[in-house]
Amino acid sequence: MIFTNFREIDKLGRIVISKDIRKHLGINPGDTLQINAEGDTIVIKKAEQKCVFCNSDESLVELDGKSVCQSCVKKLSGLL
């Protein structure tokens with residue numbers, strides 16, 4: 001199914017993503033979105049959670065709003 005909306009940008013540069021698109025993509029309040037410019041196109045997608053150190057997406061824990069995998073947690077704890 002293709003979702004198409006037309007939205008104006010407000011004075012602060014914001015746009016609203018419609019409820020049907022957010023629901024379809026599983027976007028919830030507080031989620032992080034990735035915004036890329038490719039040529040003359042803007043691509044907005046739900047950011048994948050990955051470890052800030054090694055980019056792994058397995059066994060993640062949150063630390064001060066950042067994702068860290070268990071392997072990197074072990075490496076970091078060995079430095080203390």
Side-chain angles (χ1 to χ4, degrees):
M1 176 178 274
I2 296 175
F3 295 90
T4 301
N5 293 152
F6 294 89
R7 299 282 190 227
E8 287 187 22
I9 298 175
D10 72 10
K11 292 178 183 178
L12 297 175
R14 299 174 297 196
I15 59 170
V16 173
I17 301 172
S18 66
K19 184 178 181 178
D20 57 337
I21 291 176
R22 292 190 323 265
K23 184 176 179 182
H24 175 73
L25 296 175
I27 296 171
N28 299 301
D31 286 350
T32 301
L33 300 178
Q34 178 179 339
I35 304 171
N36 297 322
E38 298 176 5
D40 63 351
T41 303
I42 298 171
V43 178
I44 302 172
K45 65 181 185 176
K46 189 172 180 178
E48 299 176 24
Q49 289 212 333
K50 293 186 177 184
C51 176
V52 295
F53 297 108
C54 71
N55 288 326
S56 172
D57 59 359
E58 297 181 19
S59 303
L60 298 174
V61 295
E62 287 288 316
L63 178 63
D64 291 334
K66 305 290 184 192
S67 296
V68 183
C69 72
Q70 292 289 341
S71 176
C72 287
V73 167
K74 289 179 185 175
K75 289 177 187 175
L76 289 168
S77 64
L79 297 174
L80 300 175

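Summarising the geometry, atom NZ belonging to Lys50 is positioned 9.0 Å from atom OG belonging to Ser56; distances are rounded to the nearest 0.5 Å. Note that CD1 of Ile35 and NZ of Lys45 are 12.5 Å apart. Values are rounded to the nearest 0.5 Å. Atom SG in Cys69 sits 7.0 Å away from atom NZ in Lys75 (nearest 0.5 Å). Note: Ile27 CD1 to Leu33 CG = 5.0 Å, rounded to the nearest 0.5 Å.
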Working for side-chain contact (heavy atoms from CB on, under 4.5 Å), residues Ile15 and Ile44: CA-CA 11 Å; Ile15 59 170; Ile44 302 172; 4.1 Å; yes
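By the criterion of side-chain heavy atoms lying less than 4.5 angstrom apart, applied directly or through intervening Ile, Leu, Val, Met, Phe, Trp or Tyr residues, Ile17 is not grouped with Leu12; the two fall into different hydrophobic clusters. Under the 4.5 Å side-chain contact rule for hydrophobic residues, Leu60 and Val52 do not share a cluster. Residue Val43 is not grouped with residue Phe3 when hydrophobic side chains (ILVMFWY) are merged at heavy-atom distances under 4.5 angstrom, including chains of intermediate members. The cluster map of Ile, Leu, Val, Met, Phe, Trp and Tyr, joined by side-chain heavy atoms under 4.5 Å apart, puts Val73 and Phe53 in the same cluster. Leu79 and Val68 end up in the same hydrophobic cluster when Ile, Leu, Val, Met, Phe, Trp and Tyr side chains are linked at under 4.5 Å.
Judged purely by atom type and a 3.5 angstrom limit, Arg7 uses its side chain to pair as donor or acceptor with the backbone of Val16.
Residues satisfying the salt bridge (Lys or Arg N to Asp or Glu O under 4.0 Å) criterion with Lys46, sequence neighbours excluded, are Asp31.
The local environment of CD in Glu48 is sparse, with at most 12 non-hydrogen atoms from other residues, nucleotides or ligands closer than 6.0 Å.
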